[in-house]
Amino acid sequence: MPGREKLYFLENLRTFLIFLVVLVHAGVVYESSGLMAPFWIVDDPATSDLPGLVNLILDIFVMATIFFVSGFLAPSSLERQGTGRFLASKVRRLIVPWLIAVFTLMPVYKVIFLSSRGLPQENWTTYFHFSNGMLSMSWLWFLPVLFLFDATYALLRKLNLPTEKIPFSLAAAVVFAVGFVYSYIVSVLGWIGWTKTPLIDFQNERLLPYFLVFLLGSLASRRGVFDTKRRNMKLYIAVNATAWIPINIYVITVLNYIISPGESLISEGADLLLLWSSFHLSLLALLYCAVMTFKYFFDKQGPIGAALGSSSYGVYIIHIPMLGAFALAMLQTDLPGILKYPVLTIATWLGSNLVVYAYKRMVKARLVRTARTAVDLGSLVRGKV
């Protein structure tokens with residue numbers, strides 16, 4: 001891995017995935033089912049069926065692909081820094097921002113949540129995810145879970161297991177099989193839903209599948225899966241042409257659960273088999289399509305792409321309060337939900353990028369001033385000597 005050419009397509013992909021995260025969260029404001037309305041930052045009565053359908057598909061693969069990219073970057077970082085420095089860097093990059101967001105952005109979340117519903121503000125002690133009893137840590141769940149995955153990966157590497165010898169195609173098959181069995185068992189046992197604690201939140205039926213995808217990304221990195229310039233267009237076209245089959249099966253099965261609760265398409269057991277087999281097939285197919293589309297067609301980067309790529313992590317952290325502020329401002333307008341949906345998405349994404357960019361410029365300017373001051377002081381001291 002040392003000396004490997006920078007993979008611009010992964011950075012471009014990550015930028016696009018963060019845009020899709022914003023799109024998903026904007027869609028929750030306007031989706032018509034109302035499933036997340038009781039606890040989402042803004043609940044706008046101007047709804048549309050489109051955001052819910054879009055989110056149903058994006059929910060299959062967006063976070064999984066982000067974990068794949070994170071897993072791909074882990075091996076080189078671990079080898080370069082060693083276990084101790086690797087974990088320390090993850091604490092600085094993931095846990096410290098999470099702590100800051102918990103005590104700053106989560107209170108903003110609740111302020112907007114109450115304001116959008118015309119409710120009075122409450123005692124300040126209830127404005128944190130560990131004390132409000134309802135809102136949990138919302139979008140911030142990703143940071144502690146990714147830290148858990150990074151730490152677990154570092155410990156697994158200490159065991160020196162010969163995992164890099166596993167053929168990548170076999171590993172993908174194992175990810176599908178284990179993920180499917182795990183999600184199915186969780187469903188049968190009635191553990192579907194979220195586990196929420198003061199330190200970590202995770203979706204029970206997806207925790208292991210997400211970690212497996214993270215490991216698949218790390219294996220792709222260690223085996224140099226993306227080092228070749230050769231394009232397998234036959235496979236790429238075949239996957240793109242057939243991915244709609246499991247996706248449609250999954251969407252139909254989920255919609256049946258939502259629209260006709262208690263009624264089965266075939267039988268309770270068969271529906272669960274359809275649900276999770278189609279979900280995990282769709283996940284891997286969409287993951288493949290997303291990664292290879294960017295590898296084949298978006299592996300270059302200009303100054304704008306570089307700026308967006310370097311800002312994507314910050315955009316993820318701050319985008320929900322930004323989204324809430326824009327959604328709150330549009331709450332009293334007469335625009336239909338189908339128009340508010342793209343306006344909110346674009347405004348949130350652009351606004352978050354501008355804030356992150358301005359913050360980076362401010363920090364850079366401060367560092368330059370500090371460096372110049374240090375140089376001036378050094379020159380002054382040398383002159384006196």
Side-chain angles (χ1 to χ4, degrees), residues 17-31 33-44 51-52 54-56 58-59 62-64 66-67 70 93-117 119 121-149 192-207 210 312-328 331 341 344-345 347-349 351-352 355-356:
L17 291 169
I18 297 304
F19 173 78
L20 292 183
V21 169
V22 175
L23 179 66
V24 168
H25 289 156
V28 177
V29 177
Y30 304 111
E31 61 96 15
S33 74
L35 294 176
M36 296 179 66
F39 53 83
W40 197 237
I41 187 166
V42 172
D43 176 30
D44 195 316
V54 171
N55 282 4
L56 195 57
L58 294 180
D59 183 57
V62 169
M63 294 310 301
I66 292 175
F67 281 122
S70 299
R93 182 166 174 78
L94 297 171
I95 300 304
V96 171
W98 174 77
L99 280 172
I100 294 172
V102 161
F103 290 102
T104 57
L105 301 185
M106 278 306 303
V108 173
Y109 186 108
K110 186 166 183 179
V111 168
I112 296 174
F113 176 88
L114 294 173
S115 297
S116 68
R117 290 158 173 81
L119 298 173
Q121 299 299 317
E122 300 174 359
N123 187 285
W124 70 270
T125 59
T126 66
Y127 282 71
F128 312 103
H129 76 273
F130 49 81
S131 63
N132 61 47
M134 179 180 67
L135 300 179
S136 73
M137 67 177 72
S138 190
W139 81 107
L140 296 175
W141 70 269
F142 171 70
L143 304 182
V145 169
L146 181 55
F147 177 78
L148 173 65
F149 288 178
I192 292 290
W194 285 78
T195 292
K196 300 180 180 182
T197 73
L199 297 178
I200 192 168
D201 287 2
F202 56 85
Q203 200 169 355
N204 300 334
E205 64 273 21
R206 298 197 185 187
L207 182 65
Y210 281 160
S312 60
Y313 178 60
V315 169
Y316 181 89
I317 293 176
I318 72 166
H319 79 279
I320 288 295
M322 186 75 68
L323 180 148
F326 284 125
L328 183 62
L331 194 59
Y341 175 41
L344 179 60
T345 300
T348 299
W349 188 69
S352 299
V355 169
V356 173

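Val102 has its side chain out of reach of Met137: every pair of non-hydrogen atoms, C-beta onward, lies at least 4.5 Å apart. For the pair Met63 and Val21, the minimum side-chain heavy-atom distance is below 4.5 Å. In this structure, the side chains of Phe147 and Ile200 stay at 4.5 Å or more apart for every pair of heavy atoms. Using a 4.5 Å cut-off on side-chain heavy atoms (C-beta onward), Trp40 and Ser138 make contact. Between Leu199 and Pro144 there is no side-chain heavy-atom pair separated by less than 4.5 Å. Inter-residue side-chain proximity for Phe149 and Ser70 is flagged as unmet; no heavy-atom pair is nearer than 4.5 Å. Annotation: side chain of Ile66 is not in contact with side chain of Leu146 (no heavy-atom distance under 4.5 Å). Considering only heavy atoms from C-beta on, Ile112 comes within 4.5 Å of Val108 through its side chain.
Nearest heavy atom pair, residue Lys110 against residue Gln121, reads O-OE1, 4.4 Å. Residues Leu17 and Val62 approach most closely at O-CG1, 4.0 Å, considering heavy atoms. Scanning all heavy atoms of the two residues, the minimum distance from Trp139 to Ile317 falls at NE1-O, 2.9 Å. Arg117 and Val42 make their closest contact through NH1-CA, 4.0 Å (heavy atoms, listed as atom of the first residue, atom of the second, distance). Nearest heavy atom pair, residue Leu140 against residue Met106, reads CD1-CG, 3.8 Å. The minimum heavy-atom distance linking Val315 with Ser352 is given by the pair CG1-CB, 3.8 Å.
Within the model, atoms CD1 of Ile41 and CG of Leu114 stand 10.5 Å from one another, a figure rounded to the nearest 0.5 Å. Atoms CG and CG, from Asn55 and Leu20 in turn, are 10.5 Å apart once rounded to the nearest 0.5 Å. Atoms OH and CG, from Tyr341 and Leu23 in turn, are 3.5 Å apart once rounded to the nearest 0.5 Å. Between the CD atom in Glu31 and the CG atom in Asp44 there is a gap of 12.0 Å [rounded to 0.5 Å]. Interatomic distance, CZ of Phe326 versus CG of Leu344, reported as 8.5 Å (0.5 Å rounding).
Without hydrogens or angle criteria, His129 side chain to Pro198 main chain gives a donor-acceptor distance under 3.5 Å. For the pair Thr345 (side chain) and Ala26 (backbone), a donor-acceptor distance under 3.5 Å is absent. Under the 3.5 Å distance criterion, the side-chain polar atoms of Tyr127 are left unmatched by any main-chain donor or acceptor of Val111. Without hydrogens or angle criteria, Asn204 side chain to Gly193 main chain gives a donor-acceptor distance under 3.5 Å.
Ring pair Phe142/Phe67: centre-to-centre distance below 6.0 Å.
There is no side-chain donor-acceptor pair under 3.5 Å between Tyr210 and Gln203.
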task = Check step by step if side chain to side chain contact (heavy atoms under 4.5 Å, CB included) holds for Ile318 and Val356.
result = CA-CA 9 Å; Ile318 72 166; Val356 173; 3.8 Å; yes

inquiry  = What verdict does the side chain to side chain contact (heavy atoms under 4.5 Å, CB included) test give for Val29 and Leu323, after you've listed the backbone C-alpha separation in whole Å, the side-chain angles of each residue and the deciding distance to 0.1 Å?
reply    = CA-CA 9 Å; Val29 177; Leu323 180 148; 3.9 Å; yes

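When each of Phe202, Tyr316, Trp98, Trp194 is tested with Trp141 by the rule ring pair (Phe, Tyr, Trp, His ring centres under 6.0 Å), just one qualifies, namely Trp194.
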